[in-house]
K.L.:
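Mind looking over this structure? Questions follow.
Basis for what follows: all heavy atoms, side chains included, without hydrogens, waters or symmetry-related copies.
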Amino acid sequence: MVSNPNDGEPTVNGERTELSKPLRRVPSIPVPEMHKQLRAALKKRGMDDRVAGAISTIWTDPESVLPQIANPQRRRVPGAYLLVISGSVYTARLVPDPQNPRNADQVQFALAQAEGAPPATLVPAETAGEGELASQVESRAALVEQVDWTAETTRNRNKPLPDIAEQGIMDPPIGVATTFHYGSGETPNTIIGVREGSTRISHGHNYLGVTAEDVLFNLTRNAAAMQAHIDEINSHVSKADEDILPTERAKIRCAVTDFELIIGVVPDVPGAVDLSQAIKARVAQDHLNTKTPWSDEAKHTALAEECLISARTAGVVPSDAEADWLAGRLTAKEVVAHKILPFMDDRAARAIHLFTTNDPQIHSAVRRPIALVLTNEPTGRTKRPKITTKAKLPLAVELVARERRGAALEGELTRFRKTLTDALPGDLQKTVWRPTERSPEAMYQAAVLELDEVKDERPATTELRVRAAYVLAKHAAIRGPRNDVGPGGDRRSAGAVIDALMDTKPGLRHLRQIVEDDRVGLTPRQVDDNGQPRKDGEGKDMPIDNEFLRTKLAPKDGTPAESLDPEARVRDHYRHAVLATKDALRNLEAQMHNLAKLKDGDDVPLIEREGRAHARLLKDKLQELAGDAQDWWERAVEAHGSYNGSSADAEADEDGDEQEAA
């Protein structure tokens with residue numbers, strides 16, 4: 001076996017082997033009469049004329065497709081059957097999915113306000129008619145830019161094996177007619193969008209040399225342009241075999257592909273599953289439930305989007321604006337116009353509540369899209385999958401993380417997701433609480449009341465704790481357990497540490513401060529009993545960090561004693577200072593005794609023979625200190641007569657005497 005120097009394909013005695021797909025001429029565009037018949041049959045099924053027209057022009061042999069319109073094939077998905085027609089199509093008349101969920105983890109949202117974000121959105125395509133979806137984009141130019149980005153990103157992230165340059169597009173892609181409406185007011189247009197197989201089509205378009213503009217607007221409905229495209233490819237086929245370049249062979253092989261077009265859905269229970277949901281379930285069967293799924297971030301992003309749509313449809317998300325806020329499609333400034341609280345902790349709390357509460361209406365709305373992916377049981381059967389918080393919470397976390405996607409490094413974003421998950425209560429699904437519009441101070445006062453009354457249900461405390469957990473994770477002020485042994489070790493999870501804060505007033509006070517500071521753009525600060533920020537030696541605010549939380553505010557060996565008020569704290573420092581001074585005096589006495597014991601050969605203390613300068617310095621310092629002590633004593637004697645109650649210095653003396661006696 002030798003290699004052909006022109007294209008690298010294996011040959012035997014000059015004959016091409018079966019390892020590569022044989023070259024075939026591309027069929028010319030069928031006669032218009034066949035398109036008309038196909039269009040009429042599709043309209044008879046209830047399709048819009050524009051949609052029927054777009055579908056009729058993709059086939060290389062409409063005559064073989066025509067009988068399928070009345071008797072389409074059925075493809076099973078959870079809860080429904082998809083109705084499908086299949087045949088050979090022109091690859092250049094298919095469009096890769098502009099919202100390919102494989103790339104969901106690369107989409108950046110307005111909320112993050114990241115500069116240079118790629119032109120990609122997750123605006124959903126919704127059921128719009130018989131066998132048709134519809135989607136809204138800003139303009140035709142924006143759609144071209146997004147399709148171009150999506151196709152390039154898809155090609156870079158996934159390369160088919162074997163290479164379709166050698167084999168063509170082997171597995172038939174699956175698609176559906178999709179109509180795009182434009183915010184710019186431009187005329188809507190319908191394309192045949194690929195929903196499964198976008199990778200293959202994106203690589204095929206690359207080999208064909210067609211652009212997003214071509215497949216969206218030029219080659220799809222312009223017969224002359226399409227025929228010129230076909231003629232160019234066939235001109236390569238007409239060459240002598242040894243003159244056909246590898247790039248030309250790839251173009252020939254990718255020009256035509258088998259294709260399955262979805263033209264409707266038959267749900268097991270009327271109204272239970274629509275066309276959009278059924279298609280997503282079909283895609284999920286191949287990708288989200290395989291041994292090599294999409295990344296967790298992409299999966300969670302796509303599923304979270306579907307859950308938001310379901311929640312909005314069910315009315316548990318009260319408005320489109322709030323749905324867009326939770327989805328990250330609005331900035332904090334933009335949301336103010338809709339009279340929605342613009343605080344990021346509020347957005348996080350609402351997202352977390354949506355995906356963790358056991359409220360029947362909310363749980364049912366959120367559960368449904370997840371169940372379509374996680375189950376193979378048809379809708380309506382007695383057996384239902386158990387959708388737990390473990391399955392739902394990552395979707396909430398991914399919604400929250402949209403505020404940082406593109407504005408933070410990937411490693412920081414990964415740590416944020418993990419820390420937030422760990423910091424949240426582990427039993428939110430069993431806890432009665434909901435996000436309110438109360439201020440952090442009002443939440444704090446209600447939480448203190450719940451603590452004082454030893455209530456089993458503590459909704460205000462839980463709300464304050466959830467909001468603070470989000471802020472701590474965002475500022476990296478709480479971290480996971482330290483597994484080293486010894487005094488520095490602390491194997492408690494971030495959630496366990498925050499749990500401990502809920503059970504003390506200083507802890508609740510700091511949870512309030514954490515939320516308040518974040519709302520005004522400050523790093524969370526430590527505060528005293530009066531709620532005033534604590535200062536370091538330079539007069540700077542002291543931040544709340546992992547060490548402070550674990551060692552001071554919620555130590556692992558038990559809850560700290562209730563903090564002292566400012567005056568009591570000074571007295572406490574005074575008591576410790578008196579004891580420390582007495583310890584220092586005892587140590588000085590011992591050291592002077594040791595110094596006097598150091599003698600020369602004549603048994604004379606060295607300090608007496610050689611220590612004139614040292615003894616003088618020591619004497620002067622001791623006389624200075626004795627003078628200070630005399631002054632303190634005289635002032636204390638003067639003050640003692642007018643002081644009611646036991647004096648602090650007397651108490652300190654008693655403590656010191658007890659320690660000395662011990």
K.L.:
For R50, is there an ion pair with E132 - N to carboxylate O distance below 4.0 angstrom?
P.N.:
yes
K.L.:
Please name all residues satisfying side chain to side chain contact (heavy atoms under 4.5 Å, CB included) with S88, sequence neighbours left out, ordered by chain then number.
P.N.:
T60, V256, D258
K.L.:
From C254 SG over to I201 CD1, what is the distance, rounded to the nearest 0.5 angstrom?
P.N.:
8.5 Å
K.L.:
Using the side chain to side chain contact (heavy atoms under 4.5 Å, CB included) criterion, which residues pair with T414? Sequence neighbours excluded.
P.N.:
E410, R417
K.L.:
Take a 6.0 Å sphere around NZ of K44 and say whether it holds more than 12 heavy atoms from other residues, nucleotides or ligands.
P.N.:
no
K.L.:
L219 and side-chain contact (heavy atoms from CB on, under 4.5 Å): which single residue from V210, I230, T211 fits?
P.N.:
V210
K.L.:
Does any part of the side chain of R347, heavy atoms only, come nearer than 4.5 Å to the side chain of R402, both counted from C-beta?
P.N.:
yes
K.L.:
Does D214 form a side-chain hydrogen bond (donor to acceptor under 3.5 Å, both in side chains) with N218? I'd like the steps, not just the answer.
P.N.:
CA-CA 5 Å; D214 290 333; N218 296 339; 3.1 Å; yes
K.L.:
How far apart are the closest heavy atoms of G197 and P173, and which atoms are they?
P.N.:
CA-CB, 4.4 Å
K.L.:
Does CD in E138 sit with more than 12 non-hydrogen atoms of other residues, nucleotides or ligands closer than 6.0 Å?
P.N.:
no
K.L.:
Hey, are R253 and D163 close enough for a salt bridge, meaning a charged N less than 4.0 Å from a carboxylate O?
P.N.:
no
K.L.:
Can you tell me how far CD of E130 sits from CG of L275, rounded to the nearest 0.5 angstrom?
P.N.:
8.5 Å
K.L.:
Without hydrogens or angle criteria, can the side chains of S184 and E186 be said to hold a donor-acceptor pair below 3.5 Å?
P.N.:
yes
K.L.:
Check whether any side-chain heavy atom of M170 lies under 4.5 Å from a side-chain heavy atom of R200, and answer yes or no.
P.N.:
no
K.L.:
Do the side-chain N and O atoms of T154 and N103 include a donor-acceptor pair separated by under 3.5 angstrom?
P.N.:
yes
K.L.:
Between E322 and R312, is the salt bridge (Lys or Arg N to Asp or Glu O under 4.0 Å) condition met? List the steps.
P.N.:
CA-CA 9 Å; E322 184 154 345; R312 177 69 188 104; over 6 Å; no
K.L.:
Applying side-chain hydrogen bond (donor to acceptor under 3.5 Å, both in side chains), can you list everything that pairs with K392, at least two apart in sequence or on another chain?
P.N.:
H363
K.L.:
One thing to verify: whether R329 and E305 come together as a salt bridge, which I'm taking to mean a side-chain N less than 4.0 angstrom from a carboxylate O.
P.N.:
yes
K.L.:
Not counting sequence neighbours, which residues clear side chain to side chain contact (heavy atoms under 4.5 Å, CB included) with H338? List them please.
P.N.:
A321, L330, I340
K.L.:
Roughly how far apart are D49 CG and L42 CG, rounded to 0.5 Å?
P.N.:
10.5 Å
K.L.:
Looking only at heavy atoms, what is the nearest atom pair of A54 and I58, with distance?
P.N.:
O-CG2, 3.6 Å
K.L.:
Please name all residues satisfying side-chain hydrogen bond (donor to acceptor under 3.5 Å, both in side chains) with K36, sequence neighbours left out, ordered by chain then number.
P.N.:
none
K.L.:
What's the spacing between Q106 CD and N100 CG if we round to 0.5 Å?
P.N.:
11.5 Å
K.L.:
For E306 and K280, what are the C-alpha separation, side-chain angles and deciding distance, and is it a salt bridge (Lys or Arg N to Asp or Glu O under 4.0 Å)?
P.N.:
CA-CA 9 Å; E306 296 311 310; K280 289 161 188 170; 2.7 Å; yes
K.L.:
Between Y182 and N189, is a side-chain hydrogen bond (donor to acceptor under 3.5 Å, both in side chains) present by the stated rule, with each step listed?
P.N.:
CA-CA 9 Å; Y182 304 103; N189 71 296; 2.2 Å; yes
K.L.:
For A177, what residues pass the side chain to side chain contact (heavy atoms under 4.5 Å, CB included) criterion, not counting sequence neighbours?
P.N.:
V51, I55, T190, I192
K.L.:
Hey, does F416 have a side-chain heavy atom less than 4.5 Å from the side chain of V400?
P.N.:
yes
K.L.:
Side chains of P160 and T199: does their closest heavy-atom pair fall under 4.5 Å?
P.N.:
yes
K.L.:
What I want to find out is whether D105 reaches K299 closely enough, with some N-O distance under 4.0 Å, to be called a salt bridge.
P.N.:
no
K.L.:
CG/D324 to OG/S319 distance, rounded to the nearest 0.5 angstrom?
P.N.:
8.5 Å
K.L.:
Charged N to carboxylate O below 4.0 Å: is that the case for R405 and E398?
P.N.:
yes
K.L.:
Heavy atoms, side chains only, cut-off 4.5 Å: are V237 and I244 in contact?
P.N.:
no
K.L.:
Is any NZ, NE, NH1 or NH2 atom of the basic residue among E166 and R249 found under 4.0 Å from an Asp or Glu carboxylate oxygen of the other?
P.N.:
no
K.L.:
With side chains defined as the heavy atoms from C-beta onward, is the minimum distance between L82 and R74 less than 4.5 Å?
P.N.:
no
K.L.:
A side-chain contact here means heavy atoms from C-beta on lying under 4.5 Å apart; do L395 and I370 qualify?
P.N.:
yes
K.L.:
Taking the side chain as every heavy atom from C-beta outward, state whether S238 and H236 have any atom pair closer than 4.5 Å.
P.N.:
no
K.L.:
For residues Y81 and R76, report the shortest heavy-atom separation together with the two atoms involved.
P.N.:
CE1-NH1, 3.3 Å
K.L.:
So does Q73 have more than 12 non-hydrogen atoms from other groups sitting under 6.0 Å from CD?
P.N.:
yes
K.L.:
Between atom SG of C307 and atom CG of L399, what is the distance when rounded to the nearest 0.5 Å?
P.N.:
8.5 Å
